[in-house]
Undergrad: 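Mind having a look at this structure? Questions to follow.
Everything numeric in this text was worked out from a predicted model, so none of it was measured. Computed over heavy atoms, backbone and side chain alike; hydrogens, waters and symmetry mates excluded.
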Amino acid sequence: MSIRRTAKSRRVVAAASVAAVLALVVTGCGGDDGGKEKGPGSSSSKSSDGDKGAKGDTAAGDPVDTDANLAQVNGRDGLTLVVNEVKRDSGGFVTVSGVIKNSGDGIRSAGQWSGTESTIVAKNPNSVAGATLVDKVGKKRYYILRDTDGRCLCTTGLSAIQPGKSVSVFMQFPAPPETSTEVDFTLPTFATASLKISG
């Protein structure tokens, strides 16, 4: 009789343990986001609105201080480019990060910043692929890095910028020699800016 009770007690304890584990698993999988998943299309990860606050991101995900103002250049139709960072990285490239602001009264398209090279424009529509760096000391022009498929290492897929809005952008170039600490930066439709390289 005592053997039956012991076996029955073990089954009850085992069933209760399984139920407790399942309850914990279900609770751990649930979220308190109202059933909305956050992904690339969520408003918190969009950069085209330009309302990102004090920090932006480069391609590598490193924070950029968007309050920093290394240079400010005017473009057409009320557009302004503010350069926040020009950083030399150990991988042999230079990353330029900034914000394009629309202070005009109309919607501005990003199509003109892709450059004029047809193959580049076709693979990088609505991008900043037309940007260049010029090393005046070394007398050499640098174009944005591209992968083997011709896609630029820069911000792409830019939507039209509404009046009063801004968009964060980045561009990666081959690094000039260490002896070159200053370059001229040009993005189509904007004035040329002289930039100091950090890092």
Undergrad: Output a table of donor-acceptor pairs, distance under 3.5 Å, between side-chain atoms of residues 188-199 and any protein atom two or more places apart or on a different chain; print 'none' if there are none.
TA:
| residue | atom | partner | partner atom | Å |
| --- | --- | --- | --- | --- |
| T189 | OG1 | W113 | NE1 | 3.1 |
| T192 | OG1 | T186 | OG1 | 3.1 |
| S194 | OG | E182 | OE2 | 2.5 |
| K196 | NZ | E182 | OE1 | 3.2 |
| S198 | OG | V86 | O | 3.0 |

Undergrad: Is there a continuous path of hydrophobic side-chain contacts, each under 4.5 Å between heavy atoms, that joins V83 to L158?
TA: yes
Undergrad: With a 4.5 Å limit on heavy-atom distance, are the side chains of V134 and Y142 in contact?
TA: no
Undergrad: Evaluate side-chain hydrogen bond (donor to acceptor under 3.5 Å, both in side chains) for N126 paired with T156, printing each intermediate quantity in order.
TA: CA-CA 6 Å; N126 298 320; T156 60; over 6 Å; no
Undergrad: Which residue pairs pass the salt bridge (Lys or Arg N to Asp or Glu O under 4.0 Å) test when at least one of the two sits in residues 107-132, sequence neighbours left out?
TA: D105-R108
Undergrad: Under 4.5 Å between side-chain heavy atoms, hopping through other hydrophobics if needed: is there a path connecting F185 to L79?
TA: yes
Undergrad: Could you tell me which non-hydrogen atom of F170 sits nearest to which non-hydrogen atom of S97, and how far apart they are?
TA: CB-OG, 4.1 Å
Undergrad: In this structure, would V73 and L187 fall into the same cluster of hydrophobic residues linked by side-chain contacts under 4.5 Å?
TA: yes
Undergrad: Could you work out, with side chain to side chain donor-acceptor pair (under 3.5 Å) as the rule, every residue matching S180, not counting sequence neighbours?
TA: D135
Undergrad: Give every residue pair that meets the disulfide bond (SG atoms under 2.5 Å apart) criterion with at least one member in residues 100-145, sequence neighbours excluded.
TA: none
Undergrad: Identify the heavy atoms of T155 and V169 that sit nearest to each other, and give their distance.
TA: OG1-CA, 3.2 Å
Undergrad: As an exercise, state the distance from CG of L133 to CG of D184, rounded to the nearest 0.5 Å.
TA: 9.0 Å
Undergrad: D77: what forms a salt bridge (Lys or Arg N to Asp or Glu O under 4.0 Å) with it, not counting sequence neighbours?
TA: none
Undergrad: Which residues end up grouped with F93 if you chain together Ile, Leu, Val, Met, Phe, Trp and Tyr wherever their side-chain heavy atoms are less than 4.5 Å apart?
TA: L145, L153
Undergrad: Distance from I161 atom CD1 to S109 atom OG, nearest 0.5 Å?
TA: 9.0 Å
Undergrad: Taking the side chain from S114 and the backbone from S127, do they hold a donor-acceptor pair closer than 3.5 Å?
TA: yes
Undergrad: Pairs in or reaching into residues 75-106: which pass disulfide bond (SG atoms under 2.5 Å apart), with residues at least two apart or in two chains?
TA: none
Undergrad: Apply side chain to side chain contact (heavy atoms under 4.5 Å, CB included) to the pair T95 and D89, showing each step before the final yes or no.
TA: CA-CA 8 Å; T95 302; D89 294 292; 3.3 Å; yes
Undergrad: Does any pair with a residue in residues 137-148 pass salt bridge (Lys or Arg N to Asp or Glu O under 4.0 Å), and if so which ones, sequence neighbours excluded?
TA: D147-R151
Undergrad: With sequence neighbours excluded, give me every disulfide bond (SG atoms under 2.5 Å apart) pair touching residues 153-199.
TA: C152-C154
Undergrad: Test of understanding: clusters of I, L, V, M, F, W, Y form through side-chain heavy atoms closer than 4.5 Å, transitively. Do L70 and I100 belong to the same one?
TA: yes
Undergrad: CE of M171 to CD1 of I144: how many Å apart, nearest 0.5 Å?
TA: 6.0 Å
Undergrad: Side chain to side chain contact (heavy atoms under 4.5 Å, CB included) with P163: which residues, sequence neighbours excluded?
TA: N102, I107
Undergrad: For P177 versus R88, what's the shortest heavy-atom pair and its separation?
TA: O-NH2, 3.4 Å
Undergrad: Taking the side chain from N124 and the backbone from G150, do they hold a donor-acceptor pair closer than 3.5 Å?
TA: yes
